[in-house]
Amino acid sequence: MNDVLAALMADNDADREKFLNREVLRYAVMRQITCERTGQVLDVRTAVMVTWIRGDSRSAVVVTGEAWDEVGESVRAKVAELGAELEVIDGREL
């Protein structure tokens, strides 16, 4: 909740987006609890939420940062091949 208040009071759009992304990631981590790839318990500070969008369809997963580092390039290539859009929220950058 502190990040929501911080976002509302942020001085610029970049800070506002950062705070809101952290809240979105926190919610996703609380819902999923474990990494889709490794089964490890997720930590919002190191988790990565990956959402691919194709038309009106959206799918998202949350993985550990290490898992994303392993598969990120191949996922990006596959999403591009399918003509979809990819959104990544990396807790390590928040």
request  = Answer yes when Glu81 and Lys78 have at least one side-chain N-carboxylate O distance shorter than 4.0 Å, and no when they do not.
outcome  =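 Judged by the 4.0 Å cut-off on N to carboxylate O distance, Glu81 and Lys78 do form a salt bridge.
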Where is the tightest heavy-atom contact between Arg92 and Thr46, given as atom of each residue plus distance?
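Where Arg92 meets Thr46 most closely, the heavy atoms are CG-CA, 3.8 Å.
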Please report the shortest heavy-atom distance between Leu42 and Val63, naming the atom on each side.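 Residues Leu42 and Val63, closest heavy atoms: CD2-C, 3.7 Å.
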Handout entry: From CA spacing to verdict: side chain to side chain contact (heavy atoms under 4.5 Å, CB included), Val44, Leu94
Key = CA-CA 10 Å; Val44 72; Leu94 301 175; over 6 Å; no
Note to self: With a 4.5 Å cut-off on side-chain heavy atoms, are Asn21 and Met49 touching?
What the structure shows: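 Heavy-atom side-chain distance check fails, nothing below 4.5 Å.
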message = Any heavy-atom pair between the side chains of Trp52 and Leu82 that's under 4.5 Å?
response =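 The answer is no, as the side chains (C-beta and beyond) never meet within the 4.5 Å cut-off.
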_Would a single hydrophobic cluster contain both Val88 and Val75, if residues Ile, Leu, Val, Met, Phe, Trp and Tyr are joined by side-chain heavy-atom contacts under 4.5 Å?_
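Yes.
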Hydrophobic cluster membership, with links at side-chain heavy-atom distances under 4.5 Å among I/L/V/M/F/W/Y: are Val61 and Val79 in one?
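They do share one cluster, since a chain of ILVMFWY contacts under 4.5 Å joins Val61 to Val79.
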*What pairs of residues pass the salt bridge (charged side-chain N to carboxylate O under 4.0 Å, His left out) test when at least one of them lies in residues 47-66, not counting sequence neighbours?*
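As it turns out, the salt bridge (charged side-chain N to carboxylate O under 4.0 Å, His left out) pairs with a partner in residues 47-66, which skip direct neighbours, are Arg58-Glu87.
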Verify salt bridge (Lys or Arg N to Asp or Glu O under 4.0 Å) between Glu73 and Arg76, making sure each step is shown before the conclusion. CA-CA 5 Å; Glu73 285 185 41; Arg76 288 182 194 279; over 6 Å; no
Tell me, with the steps shown, if Asp13 and Arg16 meet side chain to side chain contact (heavy atoms under 4.5 Å, CB included).
CA-CA 5 Å; Asp13 289 342; Arg16 188 172 297 108; 2.6 Å; yes
Name each donor-acceptor pair under 3.5 Å that joins a side chain in residues 29-41 to protein atoms two or more places apart or in another chain, with its distance.
from, atom 1, to, atom 2, distance (Å)
Arg31, NH1, Tyr27, OH, 3.4
Gln32, OE1, Val62, N, 3.3
Gln32, NE2, Thr34, O, 3.0
Gln32, NE2, Val62, O, 2.6
Thr38, OG1, Gln40, N, 3.2

Does CZ in Arg45 sit with more than 12 non-hydrogen atoms of other residues, nucleotides or ligands closer than 6.0 Å?
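At most 12 heavy atoms, drawn from other residues, nucleotides or ligands, come within 6.0 Å of this atom.
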